[in-house]
J.: 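Below you will find the structure I want to go over with you.
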Amino acid sequence: MNIADQIYSATDSATQDRAQAIRDQLRDAIVDRRLAPGTKLSEGEVGTLFDVSRTVARAALQMLSFEGLVRTERNRGAFVANPSPEEARQVFASRRLIEPGIAIAACGRVTSADIVAFRAQLDEEGRFIAERGPNARRSEIKASGDFHLLLASVAGNAILQRFMEELVARSSLVIALYGRSGVSACGHSEHTEIVGALESSDCERASRLMLHHIDHIEADLDLRVRAGPALKEALNF
């Protein structure tokens, strides 16, 4: 690699890091419900607020679009995703089809080290449940989603794991927007029961518990659209 290539790579890496940081702040604002569904996310405004080029702003929005948290419309731009009740049902219908099987696959592969990792994840969830406020709420939703991603990782199917990454991101948006409980509906106690089934190698029970768990998450939803502030106010600029 010559010097020009090294400079280009460093610049490209710095651009990606900046886009990722912007994506994280926008994602937090969406999950916290500070940015309401349907809010327009102009590349120009995002670039101005974060003092970056439109190219960097576009990259951040594309990351969110890949996760299903932002939708893009030709000749109109990017908007915070506004999942309809039917779209929310489809997300959880997809999870019902996939996750009970993931639980069975993970049960057949789980190791003692995996159980330790699951217990650590449960401890993290428990800490956030005991806290209050938007930061704790955001962290709890993320920790709950991370439990499901860890399960998919233990199952050992890379393709299903990628599917789950998108489903968890979309579910997190739906839960953050429409969860009636005001915190993540992904029940900590139900996660604990699933880990217990994995540890005892009761694969069928793990699958049944997962299906019940997904039913419980969806049952906690209140699919009413809530209004919110504009982009600048939501990001506290």
Side-chain angles (χ1 to χ4, degrees), residues 16-17 19-33 35 37 41 58-72 78-84 87-110 114 117-118 120-122 124-125 128 137-179 184-188 190-191 194-195 198 206-207 209-211 213-218 221:
Q16 291 180 4
D17 289 345
Q20 181 69 46
I22 295 169
R23 170 263 182 198
D24 290 345
Q25 288 197 51
L26 290 172
R27 189 183 195 280
D28 289 348
I30 292 170
V31 171
D32 286 348
R33 291 188 283 188
L35 280 173
L41 300 174
R58 184 181 306 116
L61 294 174
Q62 287 174 342
M63 292 177 188
L64 292 166
S65 177
F66 178 78
E67 291 184 88
L69 301 182
V70 163
R71 75 177 192 276
T72 58
F79 300 83
V80 176
N82 187 8
S84 68
E87 288 170 333
R89 284 190 288 269
Q90 288 178 6
V91 167
F92 288 99
S94 299
R95 292 186 65 169
R96 285 190 190 88
L97 290 172
I98 292 175
E99 289 198 77
I102 286 177
I104 290 175
C107 185
R109 292 170 49 90
V110 70
D114 293 329
F118 278 119
Q121 183 65 39
L122 293 174
E124 183 177 7
E125 287 181 21
F128 295 130
R137 167 177 162 68
R138 179 173 66 246
S139 297
E140 185 188 349
I141 291 174
K142 182 180 184 303
S144 296
D146 285 346
F147 175 89
H148 291 267
L149 295 179
L150 178 58
L151 190 69
S153 176
V154 172
N157 187 315
I159 294 175
L160 281 179
Q161 187 173 353
R162 288 170 62 186
F163 286 162
M164 280 304 303
E165 288 172 357
E166 179 175 348
L167 284 174
V168 166
R170 290 175 181 267
S171 298
S172 295
L173 173 60
V174 171
I175 291 167
L177 292 173
Y178 307 121
S184 169
C186 205
H188 177 68
E190 293 170 359
H191 285 175
I194 291 169
V195 172
L198 296 176
S207 181
L209 286 170
M210 179 58 74
L211 188 59
H213 179 47
I214 296 168
D215 287 342
H216 181 204
I217 299 171
E218 185 174 13
L221 300 179

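Only this structure's heavy atoms are used, side chains among them; waters, hydrogens and symmetry mates stay out.
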J.: Given 3.5 Å as the limit, does a donor-acceptor pair link the side chain of Glu125 with the main chain of Leu122, or not?
T.: no
J.: Using ring-ring contact (aromatic ring centres under 6.0 Å, His included) as the criterion, list what pairs up with Phe147, not counting sequence neighbours.
T.: Phe118, His191
J.: Show me the donor-acceptor pairs, under 3.5 Å and distance only, between side chains in residues 154-168 and residues at least two apart or in other chains.
T.:
residue	atom	partner	partner atom	Å
Asn157	OD1	Ile159	N	3.1
Asn157	OD1	Leu160	N	3.0
Glu166	OE2	Arg170	NE	2.9
Glu166	OE2	Arg170	NH2	3.0

J.: Atom CD in Gln62, atom OG1 in Thr72: separation rounded to 0.5 Å?
T.: 8.5 Å
J.: With a 4.5 Å cut-off on side-chain heavy atoms, are Leu173 and Pro83 touching?
T.: yes
J.: Quick one: CG on Leu41 to CG on Leu64, what's the gap to the nearest 0.5 Å?
T.: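 It is 7.5 Å, given to the nearest 0.5 Å.
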J.: Under the side chain to side chain contact (heavy atoms under 4.5 Å, CB included) test against Leu209, which residue among Val195, Leu198, Ile194 passes?
T.: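 In the set Val195, Leu198, Ile194, the residue that makes a side chain to side chain contact (heavy atoms under 4.5 Å, CB included) with Leu209 is Ile194.
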J.: Run the numbers on Met63 and Leu26 for side chain to side chain contact (heavy atoms under 4.5 Å, CB included), then give the verdict.
T.: CA-CA 11 Å; Met63 292 177 188; Leu26 290 172; over 6 Å; no
J.: Give a yes or no on whether a salt bridge exists between Arg96 and Asp215, defined as a side-chain N under 4.0 angstrom from a carboxylate O.
T.: yes
J.: Would you call Glu218 and Arg95 a salt bridge, using N to O less than 4.0 angstrom?
T.: no
J.: With salt bridge (Lys or Arg N to Asp or Glu O under 4.0 Å) as the rule and sequence neighbours excluded, what pairs involving residues 60-72 come up?
T.: Arg23-Glu67, Arg27-Glu67, Arg71-Glu73
J.: Given the rule in the side chain to side chain contact (heavy atoms under 4.5 Å, CB included) test, do Ile217 and Ile175 qualify, once you have shown the distances and angles that lead to the verdict?
T.: CA-CA 8 Å; Ile217 299 171; Ile175 291 167; 3.7 Å; yes
J.: Got Phe92 and Val174 here, is their nearest side-chain heavy-atom distance under 4.5 Å?
T.: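 Yes, at least one pair of side-chain atoms sits under 4.5 Å.
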J.: Would you say the side chain of Lys142 lies within less than 4.5 Å of the side chain of Glu124, judging by non-hydrogen atoms?
T.: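 No, every pair of side-chain atoms sits at 4.5 Å or beyond.
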J.: If we ignore hydrogens and angles and just use 3.5 Å, is the side chain of Ser144 paired with the main-chain N or O of Glu140 as donor and acceptor?
T.: yes
J.: So how far is it from Met210 CE to Ile104 CD1, rounded to the nearest 0.5 Å?
T.: 11.0 Å
J.: If you measure from OG on Ser153 to CG on Asp146, what distance do you get to the nearest 0.5 Å?
T.: 11.5 Å
